[in-house]
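Along the sequence shown, residues are numbered consecutively beginning with 1. Note that ligands are numbered from 1 as they come in the structure, with each ligand's atoms numbered from 1 the same way.
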Amino acid sequence: MEVVGFQRGLDYLLERGVNIGVLTTDRSPSIRKLMKDNYSNIQQELDPWHVCKSLKKRLVTASNKKENKILQPWIRSITNHMYWSCSTSKGDKEECQRRWKSLLYHIRGIHRWEEEDAEHRCYHPPPTEEEQRRKMWLETDSPAFQALTGLVMDKNLLRDLRQMTLFKHTGSLEVYHSVILKYAEKRLHFSYDSMRARSQLAILDHNNNLERPQATTQDGQARYKAAYSKQSQQWVAKPIYEGTTQTFRDDLVERVLRRREDSSVVLSKPVPRPRPRRRLLHNIAPVPRPEKSDLVAKARSRYMTML
Ligand SMILES: [Zn+2]
């Protein structure tokens, strides 16, 4: 169903002449296949967050093995390095791969090396002697380094990285998903027309509230809140944005009224009467509920037997 919905939505936009150059998705294999087979002129990018999440999981699993414990303190640096490789390669796929793979040198304390007859070096400033001595570098022949090499050079991951060089995110889609809950609650059933209207309202709401500026204090300082990030397992400062506005509703009502007063507009089809909402059942029991007093008596007798 996801693939069908995706294809219909994409075709709808293309038929209406929307020029789509890049499209960002998660790693769904069926969507990837569809993009490759039917929309090869559109560049498909992957959201680094989804890729990073699965890499982190694999790193944690590997580092839980006794012989790989030394990987544990490196996990956050490794995932950060992935974000950095994508966000700084500006669409250059080869550069992104080079940056990512440089991790395998840096983590052994090597910051300058030769590869394919060219000298390469890390992008950070050279470490001080003290830093070089204190850091827990990995040994080339250690099981931890071998395990890490397997993960870093994994051919599926390297393929994913080629689709992450524009550093595009699907975050605003997740925001939209929370906006639509306000208009179409999940526990209720809506008719097709109603669902369509509710989605349209959610889209208007979402689009009208995109890119809100960060809120400021009275003396003009940007506002933040402290939040615990489950992903990075640490406290982080998150920006607080200006509140949403719902003024689009006033515009909408005004335009509906104006159209209603316009005598040149004739309704060609009768307006469908809304069908009554179907509410969910109060419980999922397949048999009718007995009298409560009977249930209480039964519970009491069970209690007495236990005594
Ligand atoms: Zn380095």
Side-chain angles (χ1 to χ4, degrees), residues 24 27 45-169 171 228-239:
T24 308
R27 293 159 82 220
E45 285 279 298
L46 304 176
D47 184 330
W49 187 83
H50 293 277
V51 178
C52 213
K53 203 174 142 197
S54 86
L55 171 73
K56 192 182 165 197
K57 226 186 230 171
R58 300 176 72 190
L59 284 166
V60 169
T61 310
S63 71
N64 280 340
K65 287 192 183 148
K66 207 171 70 195
E67 67 271 26
N68 298 336
K69 281 266 184 282
I70 192 172
L71 280 179
Q72 270 169 8
W74 282 101
I75 292 180
R76 188 168 306 140
S77 309
I78 295 171
T79 52
N80 283 345
H81 182 73
M82 171 178 272
Y83 279 119
W84 173 83
S85 306
C86 299
S87 66
T88 55
S89 53
K90 300 189 182 85
D92 185 335
K93 295 180 169 57
E94 302 312 320
E95 183 59 24
C96 182
Q97 303 264 317
R98 250 196 310 276
R99 289 181 181 218
W100 169 240
K101 291 177 193 167
S102 73
L103 162 71
L104 292 176
Y105 288 97
H106 174 84
I107 207 160
R108 286 179 288 161
I110 304 168
H111 311 288
R112 288 171 77 153
W113 63 96
E114 265 187 34
E115 214 176 65
E116 290 165 4
D117 291 332
E119 196 197 53
H120 298 273
R121 59 176 72 190
C122 290
Y123 288 81
H124 57 78
T128 61
E129 262 180 49
E130 169 77 2
E131 283 167 345
Q132 185 68 13
R133 205 176 56 243
R134 293 188 60 161
K135 196 92 184 167
M136 299 274 279
W137 307 110
L138 265 54
E139 300 285 343
T140 305
D141 50 7
S142 66
F145 181 71
Q146 298 308 319
L148 179 68
T149 307
L151 294 180
V152 169
M153 300 298 282
D154 179 86
K155 72 176 197 318
N156 289 327
L157 176 65
L158 293 181
R159 190 186 63 163
D160 289 352
L161 274 176
R162 302 185 80 82
Q163 288 178 286
M164 285 155 57
T165 57
L166 295 177
F167 204 51
K168 299 284 179 201
H169 300 270
Y228 186 76
S229 158
K230 231 166 94 180
Q231 166 75 3
S232 61
Q233 292 177 353
Q234 58 181 347
W235 283 89
V236 288
K238 279 197 171 169

Measure the [atom1]-[atom2] distance between [X] and [Y] for me, rounded to the nearest 0.5 Å.
| X | Y | atom1 | atom2 | result |
| --- | --- | --- | --- | --- |
| Leu166 | Asp92 | CG | CG | 10.5 Å |
| Trp100 | His81 | CH2 | NE2 | 6.0 Å |
| Lys238 | Tyr228 | NZ | OH | 12.5 Å |
| His124 | His111 | NE2 | NE2 | 5.0 Å |
| Glu95 | Gln97 | CD | CD | 10.5 Å |

With the Zn ion (ligand 1) as the centre, enumerate protein N/O/S atoms below 2.8 Å in chain and residue order.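 Less than 2.8 Å away from the Zn ion (ligand 1) sit His106 ND1, His111 ND1, Cys122 SG, His124 NE2.
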
Please name all residues satisfying side chain to side chain contact (heavy atoms under 4.5 Å, CB included) with Arg112, sequence neighbours left out, ordered by chain then number.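 Counting only residues at least two positions away or on another chain, Arg112 forms a side chain to side chain contact (heavy atoms under 4.5 Å, CB included) with Glu119, Arg121.
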
